[in-house]
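Just below is one structure, and these are the notes that go with it.
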Amino acid sequence: MKIISSIAQMQSWSCRAHRQGKSIGFVPTMGCLHQGHLSLIRRSLKENDLTVVSIFVNPAQFGPGEDFKRYPRNFRRDSHLCRENGVDILFHPGVRAMYPDEYKTYVEVEGLSNVLCGVSRPGHFRGVSTVVLKLLQIVWPQRAYFGQKDAQQALVIRQMVKDLNLAVKIKILPIIRERDGLAMSSRNSYLDAGQRKEAIILYSALQTAVGMIKSGHRAPREIIARMREMISKTPGARIDYIKIVQSDSLKEASVIKGRLLIALAVYFGSTRLIDNLTIKV
Ligand code: AMP
């Protein structure tokens with residue numbers, strides 16, 4: 001495995017791979033890799049001749065007062081994991097290289113960016129779409145892999161790729177969970193033992209919602225109220241949002257029908273966790 005930190009070097013490597021007729025799969029991450037990331041990496045290895053993983057904690061997607069500075073970073077462990085799993089290139093650009101002083105261009109996917117997580121994290125998806133577009137321009141992959149864990153992010157990127165006619169196929173893979181149901185996340189490392197136990201409530205609440213839908217409940221408000229009640233009973237949890245939306249438009253569902261995304265964001269102390277389930281009714 002080769003580690004590349006220069007943008008120009010990454011681009012010329014990709015050019016060479018294209019000239020040789022080799023397909024490139026790309027997995028963008030912010031590092032602190034876990035099984036969720038590895039599921040994307042393994043899929044890319046299966047479907048492409050070459051796999052590039054990027055590790056870049058993107059300042060543009062963190063708001064003021066968010067956890068950019070303390071976001072967990074462990075490059076040694078990450079590079080070891082990538083090498084062990086057969087990754088070809090680990091792309092690790094610096095912040096100054098990606099956003100030099102004179103940096104001025106941002107991409108915004110309208111409509112999908114200002115709901116759900118976009119409400120409490122204004123500017124977050126603008127930062128995400130901008131960095132993903134930059135990375136796609138640098139790595140030039142045929143396929144790029146994202147997790148359903150960040151369902152809204154996946155939709156924003158799909159829309160950007162469609163709107164800007166980018167020649168890359170976006171693949172969205174299922175959420176990988178801990179044994180007890182907690183969705184894997186680099187941010188889980190912020191949780192203390194008590195919070196870690198309490199955080200199981202997120203998946204339980206999502207499953208309760210699915211159970212209610214399966215047993216015939218059709219009023220989103222009732223289902224959300226039940227979820228809210230469950231999570232509110234957990235002493236350390238503070239709800240940011242719980243929503244049931246159309247899974248393609250992210251518009252709030254007025255009735256339980258069609259393809260739906262049940263999504264939530266909940267704080268445990270200062271740690272904000274997100275999770276979701278999709279269901280077709
Ligand atoms: P991050 O490093 O958190 O920016 O995540 C990088 C990619 O991994 C994103 O596409 C995430 O959606 C995906 N990802 C993160 N956690 C999980 C998970 N538990 N299961 C599947 N994919 C995940």
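One is the number of the first residue; the rest follow in order along the sequence. Both ligands and their constituent atoms are indexed starting at 1 by order of listing.
- In this structure, Asp78 contributes its side chain and Cys32 its backbone to a donor-acceptor pair below 3.5 Å.
- No side-chain heavy atom of Phe26 sits less than 4.5 Å from a side-chain heavy atom of Phe146.
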Report, one line per pair, each donor and acceptor closer than 3.5 Å where one atom sits in a side chain of residues 113-124; sequence neighbours left out.
{"from": "Ser113", "atom 1": "OG", "to": "Val109", "atom 2": "O", "distance (Å)": "2.6"}
{"from": "Ser120", "atom 1": "OG", "to": "Asp240", "atom 2": "OD2", "distance (Å)": "2.6"}
{"from": "Ser120", "atom 1": "OG", "to": "Arg272", "atom 2": "NH2", "distance (Å)": "3.3"}
{"from": "Arg121", "atom 1": "NE", "to": "Glu66", "atom 2": "OE1", "distance (Å)": "3.2"}
{"from": "Arg121", "atom 1": "NE", "to": "Glu66", "atom 2": "OE2", "distance (Å)": "3.1"}
{"from": "Arg121", "atom 1": "NH2", "to": "Gln61", "atom 2": "O", "distance (Å)": "3.4"}
{"from": "Arg121", "atom 1": "NH2", "to": "Glu66", "atom 2": "OE1", "distance (Å)": "2.7"}
{"from": "His124", "atom 1": "ND1", "to": "Gln61", "atom 2": "O", "distance (Å)": "2.8"}

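- With sequence neighbours left out, the side-chain contact (heavy atoms from CB on, under 4.5 Å) criterion links Pro100 to Glu102, Tyr103.
- A cation-pi arrangement, defined by a distance under 6.0 Å to the six-membered ring centre and an angle within 45 degrees of its axis, is present between Arg70 and Tyr190.
- Cluster partners of Leu38, using a side-chain heavy-atom cutoff of under 4.5 Å among ILVMFWY residues and allowing indirect links, are Met1, Ile3, Val27, Leu33, Leu40, Ile41, Leu45, Val53, Ile55, Phe75, Leu81, Val87, Leu90, Tyr145, Leu173.
- Ordered by chain and residue number, the residues placing a heavy atom less than 4.0 Å from ligand 1 are Pro28, Thr29, Met30, His34, Gly36, His37, Leu40, Tyr71, Phe146, Gly147, Lys149, Asp150, Gln153, Pro174, Ile175, Ile176, Met184.
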